[in-house]
A.B. asks: 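One structure, pasted below without further comment.
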Amino acid sequence: MGNATLVTQKVQEIHLINKLEKSGQIQLDSSFSLNVSFSSDGSRCLGKLQQTLRDKEFAGGKFTMTVELVGVFTCTGATSDQVKRQIHGEVYDQLFPYMQSQCANLAAASGVPGLMLRKAAIDPNSIAVNRGGGPGPDRNPDGGPKLTLLE
């Protein structure tokens with residue numbers, strides 16, 4: 001049994017379109033994706049959670065919001081596919097409250113108050129483990145280059 005502990009999180013990207021012309025209720029479609037990349041030794045992972053909200057009523061997209069949140073985690077026991085699937089769920093559970101807060105605040109600032117995301121139940125059996133998708137040894141867990149400080 002492994003676990004993941006959130007070290008830090010940040011909003012990496014936001015896209016917002018709000019062309020609503022009047023106040024009132026709006027029906028939104030919601031979707032999310034989560035990708036988790038593990039370091040080669042399984043001691044760290046990077047989770048990217050992307051949440052997209054779109055209005056249901058207007059085909060032209062009068063309201064669309066996409067938020068990408070990135071979290072860096074320390075991990076224990078992330079060596080088997082089964083444990084990686086379990087940690088994937090933990091990453092979602094730990095990033096979701098930050099995503100909920102960011103989406104609610106952004107929606108309120110754009111004139112759509114009262115937004116509440118629903119947390120999804122993640123089935124570990126539906127998670128695909130990709131063996132070739134991690135960063136190389138010269139990269140950080142977030143995919144960026146390793147930096148060396150010179151004295």
Side-chain angles (χ1 to χ4, degrees), residues 2-40 42-75 78 81-136 138-147:
N3 70 5
T5 304
L6 182 63
V7 175
T8 187
Q9 58 80 31
K10 71 172 185 169
V11 173
Q12 184 161 294
E13 201 168 320
I14 296 174
H15 296 276
L16 176 68
I17 298 171
N18 184 357
K19 297 180 182 176
L20 298 171
E21 297 169 1
K22 60 181 181 176
S23 62
Q25 290 188 341
I26 181 172
Q27 296 292 317
L28 297 174
D29 278 326
S30 178
S31 62
F32 77 94
S33 67
L34 175 64
N35 293 309
V36 180
S37 300
F38 293 89
S39 63
S40 58
S43 66
R44 292 175 56 92
C45 70
L46 178 85
K48 287 186 181 183
L49 177 60
Q50 183 176 25
Q51 182 77 45
T52 300
L53 301 162
R54 291 186 178 93
D55 63 85
K56 288 183 179 181
E57 298 177 25
F58 304 104
K62 292 196 177 216
F63 184 87
T64 302
M65 178 192 326
T66 301
V67 176
E68 184 174 273
L69 186 69
V70 176
V72 176
F73 297 80
T74 57
C75 303
D81 290 353
Q82 180 182 3
V83 173
K84 287 180 179 181
R85 286 183 182 97
Q86 177 242 325
I87 287 176
H88 195 100
E90 288 184 24
V91 167
Y92 176 74
D93 289 345
Q94 292 181 49
L95 287 179
F96 180 81
Y98 295 99
M99 180 62 79
Q100 167 61 38
S101 175
Q102 293 295 333
C103 288
N105 289 335
L106 188 58
S110 69
V112 182
L115 176 76
M116 182 64 74
L117 296 179
R118 290 188 183 141
K119 187 174 178 187
I122 295 182
D123 177 8
N125 297 320
S126 67
I127 298 169
V129 176
N130 179 0
R131 297 204 178 274
D138 63 335
R139 310 300 277 181
N140 284 319
D142 67 356
K146 286 188 178 176
L147 301 176

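Values reported hereafter were calculated over all heavy atoms of this structure, with side chains retained and with hydrogens, waters and symmetry mates removed. What you see is a predicted model, and the numbers here were worked out from it, not measured in a lab.
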A.B. asks: Any chance you could measure Cys103, atom SG, to Ile14, atom CD1, to the nearest 0.5 Å?
C.D. replies: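 With rounding to 0.5 Å, SG (Cys103) is 8.5 Å from CD1 (Ile14).
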A.B. asks: Return a table of donor-acceptor pairs under 3.5 angstrom between the side chains of residues 88-96 and protein atoms on other chains or two or more places apart.
C.D. replies:
from, atom 1, to, atom 2, distance (Å)
Glu90, OE1, Ala4, N, 2.8
Glu90, OE2, Gln86, NE2, 2.2
Tyr92, OH, Ala120, N, 3.0
Asp93, OD1, Lys119, NZ, 3.2
Gln94, OE1, Leu6, N, 3.0
Gln94, NE2, Ala4, O, 2.7

A.B. asks: Please tabulate, for the side chains in residues 63-71, all donor-acceptor contacts under 3.5 angstrom to protein atoms that are two or more places apart in sequence or on a different chain.
C.D. replies:
from, atom 1, to, atom 2, distance (Å)
Thr66, OG1, Thr52, OG1, 3.4
Glu68, OE2, Gln12, NE2, 3.0

A.B. asks: For Glu13, which residues count as a side chain to side chain donor-acceptor pair (under 3.5 Å) partner, sequence neighbours excluded?
C.D. replies: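 So Glu13 forms a side chain to side chain donor-acceptor pair (under 3.5 Å) with His15.
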A.B. asks: Kindly compute the distance separating CZ (Phe73) from CD (Gln9), expressed to the nearest 0.5 Å.
C.D. replies: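 Rounded to the nearest 0.5 Å, the CZ-CD separation comes out at 9.0 Å.
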A.B. asks: Going by the rule side chain to side chain donor-acceptor pair (under 3.5 Å), which residues pair with Ser110 if we only count those two or more places apart in sequence or in a different chain?
C.D. replies: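 Partners of Ser110 by the side chain to side chain donor-acceptor pair (under 3.5 Å) criterion come out as none, since no residue qualifies.
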A.B. asks: Once side-chain contact (heavy atoms from CB on, under 4.5 Å) is applied, do any residues pair with Gln27, and if so which ones, sequence neighbours excluded?
C.D. replies: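 Once residues adjacent in sequence are excluded, the partners of Gln27 under the side-chain contact (heavy atoms from CB on, under 4.5 Å) criterion are Lys56, Glu57.
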A.B. asks: Out of curiosity, Ser37 OG to Lys84 NZ, how far, rounded to the nearest 0.5 Å?
C.D. replies: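 Taking OG in Ser37 and NZ in Lys84, the distance rounds to 10.0 Å.
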A.B. asks: With a cut-off of 6.0 Å (strictly less than), are more than 12 heavy atoms of other residues, nucleotides or ligands near CZ of Phe32?
C.D. replies: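 Yes - once you tally the heavy atoms of other residues, nucleotides and ligands closer than 6.0 Å, there are more than 12.
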A.B. asks: To the nearest 0.5 Å, tell me how far Leu34 CG sits from Met99 CE.
C.D. replies: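 Here the interatomic distance stands at 9.5 Å.
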A.B. asks: List the residues meeting side chain to side chain donor-acceptor pair (under 3.5 Å) with Asn3, not counting sequence neighbours, and say none if there are none.
C.D. replies: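 Counting only residues at least two positions away or on another chain, Asn3 forms a side chain to side chain donor-acceptor pair (under 3.5 Å) with Thr76.
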A.B. asks: Are the side chain of Gln100 and the backbone N or O of Leu117 linked by a donor-acceptor pair below 3.5 Å?
C.D. replies: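 Judged by distance alone, yes, a pair lies under 3.5 Å.
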A.B. asks: Just wondering, do Val36 and Ile127 contact through their side chains at under 4.5 Å, heavy atoms?
C.D. replies: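 No; the side chains remain at least 4.5 Å from each other.
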A.B. asks: Do Phe38 and Ile87 make a side-chain contact, defined as non-hydrogen atoms from C-beta onward lying under 4.5 Å apart?
C.D. replies: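 Yes - at least one pair of side-chain heavy atoms lies under 4.5 Å apart.
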A.B. asks: If you compare all heavy atoms of Cys75 against all heavy atoms of Ala78, which two are closest, and at what distance to 0.1 Å?
C.D. replies: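 For Cys75 versus Ala78, the nearest heavy atoms are CB-CB, 4.2 Å.
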A.B. asks: Enter the distance from Gln51:CD to Ser33:OG here, rounded to the nearest 0.5 Å.
C.D. replies: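 OG of Ser33 is found 9.0 Å from CD of Gln51.
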